[in-house]
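Worksheet: the structure to be examined is printed underneath.
Along the sequence shown, residues are numbered consecutively beginning with 1.
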Amino acid sequence: MKVRRYYHDPNQLMIDLRKEKGLTQQELANRLSVSQTMVAEVEAGRKQFTEEKQAFTAFILGATAKELFPERIDRRRAHFKKKYQNN
């Protein structure tokens, strides 16, 4: 059973997992079909991948999308709460 580390900063988790897999930003970018700059921007928290790229990144790094991109889950939860709150 693998013990999952919990990070206050999910961007740092992404960086650490990428390095543990022995991947450079460029190698991860190649697998995701994005630029190295985009990977750097996501790791820095300045940009976000599409949901599809988030899921694929999580798969490549051996994590869950919720661990790497918790803001996506929180936005979706808020959307559904707002949508169904008045029904």
Side-chain angles (χ1 to χ4, degrees):
M1 186 166 130
K2 187 172 183 177
V3 176
R4 179 59 59 202
R5 295 169 296 186
Y6 292 95
Y7 281 68
H8 177 68
D9 181 4
N11 298 334
Q12 188 61 48
L13 175 60
M14 182 176 168
I15 293 165
D16 289 351
L17 290 174
R18 176 180 55 76
K19 289 179 179 180
E20 282 179 15
K21 295 283 184 182
L23 296 171
T24 65
Q25 287 181 341
Q26 185 62 58
E27 290 168 333
L28 181 59
N30 290 345
R31 289 188 183 187
L32 294 169
S33 299
V34 298
S35 68
Q36 178 274 326
T37 303
M38 181 62 176
V39 171
E41 293 288 318
V42 171
E43 287 184 349
R46 291 186 289 268
K47 291 190 178 180
Q48 292 184 358
F49 288 136
T50 63
E51 286 190 25
E52 181 180 317
K53 296 286 187 199
Q54 287 176 349
F56 192 43
T57 301
F59 174 75
I60 290 169
L61 298 179
T64 66
K66 183 176 180 178
E67 289 172 314
L68 290 178
F69 306 103
E71 69 281 351
R72 178 184 94 170
I73 305 302
D74 293 340
R75 275 196 321 270
R76 186 175 286 164
R77 187 177 295 133
H79 168 75
F80 284 117
K81 184 176 180 183
K82 182 179 178 183
K83 183 176 180 177
Y84 295 109
Q85 187 173 3
N86 296 325
N87 291 339

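- In this structure, NZ on Lys53 lies 6.0 Å from OG1 on Thr50, to the nearest 0.5 angstrom.
- Nearest heavy atoms, Ala58 versus Leu68: CA-CD1, 3.6 Å.
- Across Phe49 and Met38, no two heavy atoms sit closer than the pair CE2-CG, 3.8 Å.
- Rounded to the nearest 0.5 angstrom, Gln54 CD and Thr64 OG1 are separated by 11.5 Å.
- Distance check: Gln25 CD to Leu32 CG gives 11.5 Å after rounding to the nearest 0.5 Å.
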>> Quick one, Met14 with Leu28, criterion side chain to side chain contact (heavy atoms under 4.5 Å, CB included). Give me CA distance, side-chain angles, the key distance, then yes/no.
In response: CA-CA 11 Å; Met14 182 176 168; Leu28 181 59; 4.0 Å; yes
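- Here the shortest heavy-atom pairing between Leu61 and Leu23 reads CD2-CD1, 4.3 Å.
- The heavy-atom pair separating Lys21 from Gly62 by the smallest distance is CE-N, 4.3 Å.
- Between the side chains of Gln26 and Gln36, not a single donor N or O lies within less than 3.5 Å of an accepting N or O.
- Ion pairing between a basic and an acidic side chain is recognised when a charged N comes within 4.0 Å of a carboxylate O; Arg18 and Glu43 show such pairing.
- To the nearest 0.5 Å, atom CZ of residue Arg31 and atom CZ of residue Phe59 are 9.5 Å apart.
- If you chain together hydrophobic residues whose side chains sit under 4.5 Å apart, Ile15 and Leu17 never meet in one group.
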